[in-house]
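Take a look at the structure set out below.
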Amino acid sequence: MTEFDVVVLGGGAAGLTFAMQLHRTRPGTSIVVVEKSVRAPEAAHKVGESTVDIAAHYMRNVLGIEPHILGRQLDKFGLRFFFSQNDNLDITRRVELGHAHRPHVGATYQIDRGRFENFLTDELVELGVAVWTGHRVNEVELGDGEHHVTVTTPEGEQREIKARWVVDASGRAGLLKRKLGLAKPNGHNVNAAWFRVGSPVDIDQWSADPAWHERISDGHRSLSTNHLMGEGYWVWLIPLASNSLSFGIVADAELHPFDTYNRFEKALDWLRKYEPQCAEVVEAHRDQLLDFKVMRNYSYGCEQVYSGQGWSLTGEAGIFLDPLYSPGFDVISLSNGLITDLVTRALDGEDVSELAAIHNTVFFLVTDSWLPIYEGQYPIMGNARVMSAKVIWDTGVYWAVPSLLFYHDQFPRMVDRPRLVAQLARISAITEPVQRFFRQWYDVEPKQHADGFITYYDFGFMTRFHEGLTANLSDSELADQLGANLDELERIAGELLHAVIAECEAADEQARRDQADRWRADKAVMRLVDVYLAHDERVDAWITVGPDGRADGGGRDFSIRPHTDALAGESR
């Protein structure tokens, strides 16, 4: 019998980062991390290589591992999207959405998971945390204030751990979730396949068009998480610091059957059909193929992730929503912080039964609000006009609410912030009608658009939301700012809805006019429109009103009209 305060089941990114956060928060805590693997290879065969604002802040400011991130990983150039245009043979004709220059705040990163997890393992051992690699978990017995975990050592011997807390970070194995019957389907039926090639790939070399290259004033597209978007699918290209490139195909099961890309040769044929430029690159490097993996119906939920009885789930051991927008490490960052708060309070003698229930509610309040971003939305990816509006909207909401709260360390403190909880509860009344609107708009919007370039900072509200993350607000100032952000989200949602409804009402097509009538009858939609119309200063577009004109042949048929407070000087 070996005794610890906390046993962590799983030594992947979720378990290792939790152990590091707990050690930094309460250095005297005895922790053991149990991991079945011995050592992760570089370019490890795992998803979760792209980070966004919450995860990047977590690594820098909570874990304090910025030297490793800056020295051994890649500084990322944001999320970048290329929307389908005819045969997808010319990337310059595809509507592009991404940064034109370095973001104003908060760097984000591309993470080589093998290199990252090996660093965390070595760092934890150096800090005195026990990391048992090559150990397989056999049984977990949860007790009243004391739990027992039986493991098998690399030599095949049985070893028993006694701990006051068990944190399940076992990934999709979901050891505690299975044991306790906590699995919960969520209705989002999407599949994925991904692989790596052992060579860097520069997407900037896909065209020599000088005008296309001049769009980028400071930065390299190749360092972005690049998304190739089409109806019912997206393809990722993520560079890794180990001089390899990660490719992934993510697709709606109804529009793209899993068996059309669930083997490498099939995946290559699928790319030839839908993303021929990408297929050419893969074929050029197929002799450097490192691996190939698939995941069917990957999205799922969970009934409960925290308990006052001394157990918690983090990372994919709890929930997994979708890889679009790279939320995986964000969920880990949020969850690890809430668990660390529970464990430190409990080990210091506090009864955390009620707090665990509150943290559970806070966690699902955030993650449940993210699910509608994905569920039923994959067909929209085939329409540049609708999907570009959705990306701007989704990113704006992300910066305005969860990122703002995380940067100001509010989630573990929600128990003492009833005003914030009440404000956070407003978000679904804003976002759910907008997500429904995107699906309905897609059904009646013409599909072909080309040649446009949209940047996140084209719109003043996006810049305000993003820069607000680092404002270092007091608690009262933060509550005021969150309220102001929610007010602005209502206004800009109403602005978009009002403009598109007016356009559809004036359209020649009966289907578009009928849809406008249905929107007029939707109380949730019209509430947002009324908020906008009640605003003193009104503009009839913030991103997707138009197009101002359609051109035949090779002309420009996609247009955006900037918001009145857009920043000057951003490349278009």
Side-chain angles (χ1 to χ4, degrees), residues 52-54 57-58 105-106 305-306 321 325 327 330-331 333-335 337-338 341 354-373 392-437 459-497 523-536 542:
V52 282
D53 295 86
I54 288 176
H57 178 82
Y58 179 69
V105 301
V305 288
Y306 314 131
L321 300 174
Y325 301 137
D330 282 4
V331 174
S333 304
L334 170 62
S335 185
L338 294 171
D341 184 58
E354 184 177 343
L355 183 64
I358 293 170
H359 281 3
N360 212 69
T361 298
V362 168
F363 177 80
F364 285 118
L365 195 60
V366 176
T367 58
D368 286 353
S369 73
W370 286 350
L371 182 59
I373 293 172
I392 292 295
W393 169 258
D394 292 343
T395 305
V397 172
Y398 172 74
W399 287 340
V401 182
S403 297
L404 176 71
L405 293 171
F406 191 87
Y407 266 61
H408 288 82
D409 193 29
Q410 293 298 306
F411 286 112
R413 304 162 62 198
M414 284 290 184
V415 65
D416 301 318
R417 303 288 187 275
R419 183 182 171 194
L420 288 185
V421 174
Q423 289 174 322
L424 196 58
R426 284 179 59 191
I427 193 65
S428 62
I430 302 171
T431 59
E432 288 180 7
V434 176
Q435 296 298 340
R436 184 171 68 250
F437 172 86
F459 316 101
F461 62 84
M462 292 292 285
T463 305
R464 288 194 296 274
F465 289 155
H466 204 195
E467 291 184 342
L469 303 185
T470 57
N472 295 318
L473 303 173
S474 67
D475 288 345
S476 61
E477 290 172 334
L478 177 69
D480 290 341
Q481 187 60 62
L482 179 61
N485 285 359
L486 291 168
D487 290 343
E488 184 151 21
L489 286 171
E490 286 185 326
R491 183 184 66 78
I492 63 177
E495 190 173 19
L496 174 66
L497 272 53
K523 292 181 180 179
V525 166
M526 294 312 297
R527 183 189 74 83
L528 295 172
V529 172
D530 289 342
V531 168
Y532 162 63
L533 292 176
H535 198 266
D536 291 337
W542 57 262

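Hydrogens, waters and symmetry mates are skipped; everything else that's a heavy atom, side chains included, is used. Bear in mind that the values here come from a model prediction, so they are computed numbers and not experimental data.
Residues D330 and F406 are not in side-chain contact: their nearest non-hydrogen atoms beyond the backbone lie 4.5 Å or more apart. By the 4.5 Å heavy-atom criterion applied to side chains, F411 and V366 are counted as neighbours. Considering only heavy atoms from C-beta on, V331 comes within 4.5 Å of W370 through its side chain. Within the 4.5 Å cutoff, the side chain of W399 has heavy atoms near those of the D53 side chain. Using a 4.5 Å cut-off on side-chain heavy atoms (C-beta onward), R419 and D480 make contact. Side-chain contact between D341 and L355: present, with at least one pair of heavy atoms (C-beta onward) separated by less than 4.5 Å.
The distance from atom CD1 of I358 to atom CG of N360, rounded to the nearest 0.5 Å, is 11.0 Å. Going from atom CZ of R464 over to atom CD of Q481 covers 9.5 Å, rounded to the nearest 0.5 Å. Here the straight-line distance linking atom CG of D475 with atom CG of D416 works out to 9.5 Å at 0.5 Å rounding. Here the CD1 atom belonging to I54 is positioned 8.5 Å from the OH atom belonging to Y407, to the nearest 0.5 angstrom. Atom OG1 of T395 is separated from atom NE2 of H466 by 9.5 Å, given to the nearest 0.5 angstrom. Taking CG from L528 and CG from L496, the interatomic distance works out to 10.5 Å, rounded to the nearest 0.5 Å.
Between L404 and G468, the shortest heavy-atom distance links the atoms CD1-O, 3.5 Å. Closest heavy-atom contact between A524 and P433: CB-CG, 3.7 Å. Across I430 and V434, no two heavy atoms sit closer than the pair O-CG2, 3.2 Å. Shortest non-hydrogen contact noted between H408 and L469 is CE1-O, 3.5 Å. Across all their heavy atoms, A425 and S428 have their closest contact at O-OG, 3.7 Å.
Partners of H359 according to the ring-ring contact (aromatic ring centres under 6.0 Å, His included) rule, which considers only residues two or more places apart in sequence or in another chain, do not exist here. With sequence neighbours excluded, the residues that form a ring-ring contact (aromatic ring centres under 6.0 Å, His included) with F437 are W441, W519. Residues meeting the ring-ring contact (aromatic ring centres under 6.0 Å, His included) test with Y306, sequence neighbours left out: F363.
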### Task
Begin from the C-alpha positions of L489 and V401 and carry the test side chain to side chain contact (heavy atoms under 4.5 Å, CB included) through to its verdict.
CA-CA 10 Å; L489 286 171; V401 182; 4.0 Å; yes
### Task
Decide yes or no on side chain to side chain contact (heavy atoms under 4.5 Å, CB included) for L424 and M414, but give the supporting numbers first.
CA-CA 10 Å; L424 196 58; M414 284 290 184; 4.2 Å; yes
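The existence of a salt bridge linking E495 and R491 is confirmed by a sub-4.0 Å separation between a basic side-chain nitrogen and an acidic carboxylate oxygen. Under 4.0 Å is where a charged nitrogen must lie from a carboxylate oxygen, and between D487 and R426 at least one such pair does.
Looking only at distances, a side-chain donor or acceptor of T431 sits under 3.5 Å from a matching main-chain atom of I427. In terms of modelled atom types and a separation under 3.5 Å, the side chain of Q423 and the main chain of A479 share a donor-acceptor contact. Remark: the backbone N or O of G106 is not paired with any side-chain donor or acceptor of H57 at under 3.5 angstrom. One N or O on the side chain of S403 and one on the backbone of Y398 form a donor-acceptor pair closer than 3.5 Å.
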